[in-house]
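Residues: numbered from 1 along the sequence shown. What you see is a predicted model; the values in this text were computed from it and never measured.
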Amino acid sequence: QVQLVESGGRLVQAGDSLRLSCAASGRTFSRYAMGWFRQAPGKERDLVAGIKSGFSTYYADFVKGRFTISRDSAKNTMYLQMNSLKPEDTAVYYCAAREGVLNTSPQIYDFWGQGTQVTVSS
């Protein structure tokens with residue numbers, strides 16, 4: 001089992017920066033592919049960014065150049081640095097983990113955090 005706890009979400013203004021954290025406990029952190037998903041009201045849950053052991057990364061087109069994903073294996077923590085935030089980035093952000101490769105489908109992730117709300121005002 002892996003337990004995931006997100007933090008860092010809050011209300012910010014357009015153009016601001018924010019860093020989300022996902023603290024993991026349980027099994028060996030580094031063996032899992034980890035991802036940040038987001039879900040806005042009435043919309044599907046989308047993969048924003050992902051990172052695999054070896055530090056290979058994935059970014060959705062809508063965040064490339066603005067968001068950076070990273071992980072600190074010593075702290076069992078994953079981060080999402082979000083810069084140049086836009087109102088359309090408003091959503092609940094979830095971290096998720098699965099054994100195996102990164103994948104954009106939320107259905108195949110095994111472990112989820114409770115989510116953290118990010119609200120970007122215009």
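Note on I69 and L20: same hydrophobic cluster, where clusters join Ile, Leu, Val, Met, Phe, Trp and Tyr whose side-chain heavy atoms are under 4.5 Å apart, directly or indirectly. Cluster annotation: V5 is not connected to F111 through the hydrophobic network of ILVMFWY side chains, with a link wherever side-chain heavy atoms come within less than 4.5 Å. Taking hydrophobic clusters as Ile, Leu, Val, Met, Phe, Trp and Tyr residues chained together by side-chain heavy-atom distances below 4.5 Å, L80 shares a cluster with F62. Linking Ile, Leu, Val, Met, Phe, Trp and Tyr residues whenever their side-chain heavy atoms come within less than 4.5 Å leaves L18 and V92 in two separate clusters. Grouping the Ile, Leu, Val, Met, Phe, Trp and Tyr side chains by contacts below 4.5 angstrom, directly or via other members, places L11 apart from V118.
Minimum heavy-atom separation, Y59 to F67: CE2-O, 3.2 Å. In terms of heavy-atom proximity, A14 sits nearest to S122 at CB-CA, 4.4 Å. Residues Y32 and E99 approach most closely at CE2-CG, 3.2 Å, considering heavy atoms. The two residues A24 and L4 come nearest to each other via the heavy atoms CB-CD2, 3.7 Å. When all heavy atoms of G100 and A33 are compared, the pair lying nearest together is O-CB, 3.4 Å. Closest heavy-atom contact between Q39 and K43: NE2-O, 3.1 Å.
Here side-chain hydrogen bond (donor to acceptor under 3.5 Å, both in side chains) pairs that include residues 10-24, with residues two or more places apart or in two chains, are S17-N83.
Here the side chains of L102 and Y109 are in contact, with some heavy-atom distance below 4.5 Å. A 4.5 Å side-chain heavy-atom check between V63 and R38 finds at least one atom pair inside the cut-off.
Other residues, nucleotides and ligands contribute at most 12 non-hydrogen atoms within 6.0 Å of the CD atom of E44.
The aromatic rings of F37 and W112 are tilted relative to each other, their planes meeting at an angle between 30° and 60°.
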Apply side chain to side chain contact (heavy atoms under 4.5 Å, CB included) to the pair I51 and M78, showing each step before the final yes or no.
-> CA-CA 9 Å; I51 189 165; M78 177 176 68; 3.9 Å; yes
Apply side chain to side chain contact (heavy atoms under 4.5 Å, CB included) to the pair M82 and V48, showing each step before the final yes or no.
-> CA-CA 11 Å; M82 305 186 293; V48 173; over 6 Å; no
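Ion pairing of D61 with K64 is present here, as a side-chain N (NZ or NE/NH1/NH2) and a carboxylate O approach within less than 4.0 Å.
Only one option out of T119, D89, V120, T90 pairs with V12 in a side-chain contact (heavy atoms from CB on, under 4.5 Å); it is V120.
For the atom pair M34 CE and S70 OG, the distance stands at 11.0 Å (nearest 0.5 Å). Expressed to the nearest 0.5 Å, how far CZ of R66 lies from OG of S84 amounts to 7.0 Å. To the nearest 0.5 Å, the span separating CZ on R98 from NZ on K52 amounts to 8.0 Å.
Qualifying ring pair (Phe, Tyr, Trp, His ring centres under 6.0 Å) partners for Y94, counting only residues two or more places apart in sequence or in other chains: none.
Here the side chain of E6 pairs a donor or acceptor atom with the backbone of C95 at under 3.5 angstrom.
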